[in-house]
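The next block holds one structure in the form of structure tokens; read it before the comments.
Here is how names work: the chains are called A, B, and so on, in the same order as the sequence lines, proteins then strands, and each is numbered from 1. Just so it is clear, the model here is predicted, and its values are computed rather than measured.
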Amino acid sequence: MANSLKGHVDTSSKGADAFVGIYYQLFDTQRPVLNRVYRDTSAILWNGNAFSGIGPFSEFYNKLSSSEHTVNAYDCHPLPTSTAPGTPGSMILNVSGTVKYSNEASARHFSQSFILSPDPTNGSFYVWSDCFRFV
Amino acid sequence: MAEEAVEEVAQETTSTTIGKEMVRASAVMVPLSMVQNSGQNGAQDVINDPGLSAFLCRRAQPTLVNLTNPMFRNDTVSYHVGDLDQAKALRDLSGIRFNTHKLVITTSAGAALDGQGGDRQDKTQYNNAAIETVRAYLHSCHNDGFLKMERMAADPILLQGRVAPPGQNPGRHDTGALFFKTAAQYFPDASTISLAHNGLSSLQSISSLSQYFPNLRNLSLKGNNISSYEELWHICGDGKLPFLKELILDDNPVRDKEILAHGNDADYRSKVTELIKSITLLDKVNVFRMSFGVNLDNIPLGKVALPVPIRGNYFGEPDTHATVLEFLTSYFGLFDSDERVNLGYVYKPDAVFSCTVALPEESLNRLQQQLNGGQRNQNDTALQRSVWSEYLARSRNFETVKEPSSRETRLFMGNEAIVLQALLNFPKTVHDLSDDSKICVDAWQTRGLLPTETCIFASVHGEFEEYRPGPVPNPARKSFDRTFILTPAPADSFAAQNGWKCVIVSDQLMVREYNGYQAWKPEPGVNVVPGVRVANNQAPSPIALNHPDGLSMEQHAAADELMRVSGLVYQYAVQALMTNGWDLNRAIAAVQASRDTLPPHVWHLG
């Protein structure tokens, strides 16, 4: 098991780089496009508030002030979720950084944990779950 | 890249003390040289005397000194020693007599030892005589809050005491800090200082002025040699000297050049008043600015209104709540104990772990400078005192660690590697779980992620204390974010036999500078789920399901089955079962009967 996971370390690492590069830019400048990385089944938690799926979540983030995220650190683990050998499975991605909302005087520290999974219909990865906290 | 360099440094260390390690990596030269003593010959004989090194080692005690690589040249011998402590011990011996000859001992590590006791023979160090001279001088030039430090190169007191004025010996021997520090000791309220006619071409030598006289109001730099506006940054940049009202820069090339070029000083005035926004009088001429009665720095900016309130701990189901709290209590209890190694059986054989130091770039750079240069910057106590080396050596921060091979080696796979190569190398910790306002947990159960089992996702945010041997102040406190993915412990596993309900599939740790616990404080009036302290007979729930003992295995299985058959979301399957006395068949029938009246959100999608 450990060996098959090793093969996914590199794929998931690159996936993590790509996701972090995309996600916060979308969140800060093009929030509507976020619905491409979430699904109706995504489990989203934002400072203890649960949103089941992109619908309720997008209502929320449309009301949230404009944001500017700075990522200080991120790391990911591949998970042993793959059912077909060779295909990449899900991964968990943890991000730590700061976010500044519109005209707040200072940025807030945040910690965010994503589980990214492959969409069975088209193979692209989406946010299975997203857990965000101010820390 | 900053982080990888820091990691290299940390790996060179083999013992637990930090700060001296960099020097140990490269031996320190301690050249000894002889001074002729009243025409007596024999200096070379003294240097070549075989008893010299033993004599020095004896006199350096209690510091244990080991002198290696002797190199003789005329009346000088030099040795290597292994670290700064030995170099200092020897340097402090400078001036002692060996066979009637006085020894002068210097070391190339002088820069690192500065401030730790001076070389008695070197006049440019701040020995008592120099300090006395400066004191006397300052008293002679002070009058009623005005320090007239002009034409210092010709001042009789300074000449006699042989103390160079600031700017004459640029670099670490510059006396600027000595003058201003002493001045601030005796005349802390001085609001006007003149440094006119001192031949200053760089203001770096007086950059400590802003540190010792932060409230300075009037400054004259007339008749110096300042030729660029950038020099002003040394004293006024970055918010330094915020109360400076009057500045005189007459007779400096920076002003004279402009007048020569343009016939007037308008451009010069524009640039200077732009650089130093507080001044109202420049070269004795008023500075006019338009003001709007608004100072943004003074307007308290509130926090934006968030569309939803901040809520406390989140647990998807009551079952999850109890399981996760129990797990965390056991996990951190074992982590903090002397039996941390036993965590090995709490991780699955193919589990993965990594840790990351999550510091903003400025902090990382400061940390790297500090570790590289062995500097003791007294202003940096917080970062300096919370040591990071064990984490930095393994930090898997994708922002800074880009090499695929590094990313691979820093992912610990398998319970053995995790415990032996990572966890056991972290210092002794104390996670205090007794105050649940200091910890925040978000957790839920999820199905369909792992192919064959349910798993729990748990994200924990909190703080811990570290205890280390050696001269670092203890304890160090840090904040952390840790995400676990847990699965049920197999019945025949060592974990299950030791009472653990869950084992770990994935564990990711982020350590940060301590940042307190206010960020997740729930807003008043918001439904709070009690935190980590597991009270007996209490399984509070965020959805007002009132089940005192949490679910048993059979109840859990029944809810699963009802979910599968009816399509209800888990928590509503539980509710349906509770309403029907945990009779599965009755619940199934009841759900069927009322299917059309139940709201949409109780159903699974897909």
Side chains of [X] and [Y]: does their closest heavy-atom pair fall under 4.5 Å?
X        : Y        : answer
B:Phe457 : A:Ser113 : yes
B:Asp442 : A:Arg133 : yes
B:Val308 : A:Phe51  : yes
B:Thr446 : A:Ile115 : no
A:Ser111 : B:Met510 : no
A:Lys63  : B:Leu306 : no
B:Pro307 : A:Asn62  : no
A:Asn47  : B:Trp520 : no

Self-check item: Flag if over 12 foreign heavy atoms under 6.0 Å of NZ, A:Lys100
Solution: yes
Exercise. Determine which residues belonging to residues 13-25 of chain A lie within contact range of chain B, meaning some heavy atom pair is under 4.5 Å apart, and list them by number or answer 'none'.
Key: A:Ser13, A:Ala16, A:Asp17
For [X], which atoms come within 4.5 Å of any heavy atom of chain B: side chain, backbone, both, or neither?
X       : value
A:Ser96 : both
A:Leu64 : both
A:Asp75 : both

Exercise. Taking all non-hydrogen atoms of both residues into account, name the closest pair between A:His77 and B:Asp507 and its distance.
Key: CE1-O, 3.0 Å
Practice problem: Please name the pair of heavy atoms, one in B:Leu359 and one in A:Asn72, separated by the smallest distance, quoted to 0.1 Å. | Solution: O-CB, 4.0 Å
Quiz item: Residues two or more places apart in sequence or in another chain: which of them pass ring pair (Phe, Tyr, Trp, His ring centres under 6.0 Å) with A:His109?
Solution: none
Self-check item: With B:Ser437 via side chain to side chain donor-acceptor pair (under 3.5 Å) - residues at least two apart
Solution: B:Asp435
Practice problem: Not counting sequence neighbours, which residues clear salt bridge (Lys or Arg N to Asp or Glu O under 4.0 Å) with A:Asp28? List them please. | Solution: none
Self-check item: Interchain contact, B:Val505 with chain A, by part (heavy-atom threshold 4.5 Å)
Solution: side chain
Quiz item: In terms of heavy-atom proximity below 4.5 Å to chain A, should B:Ser459 be classed as side chain, backbone, both, or neither?
Solution: side chain
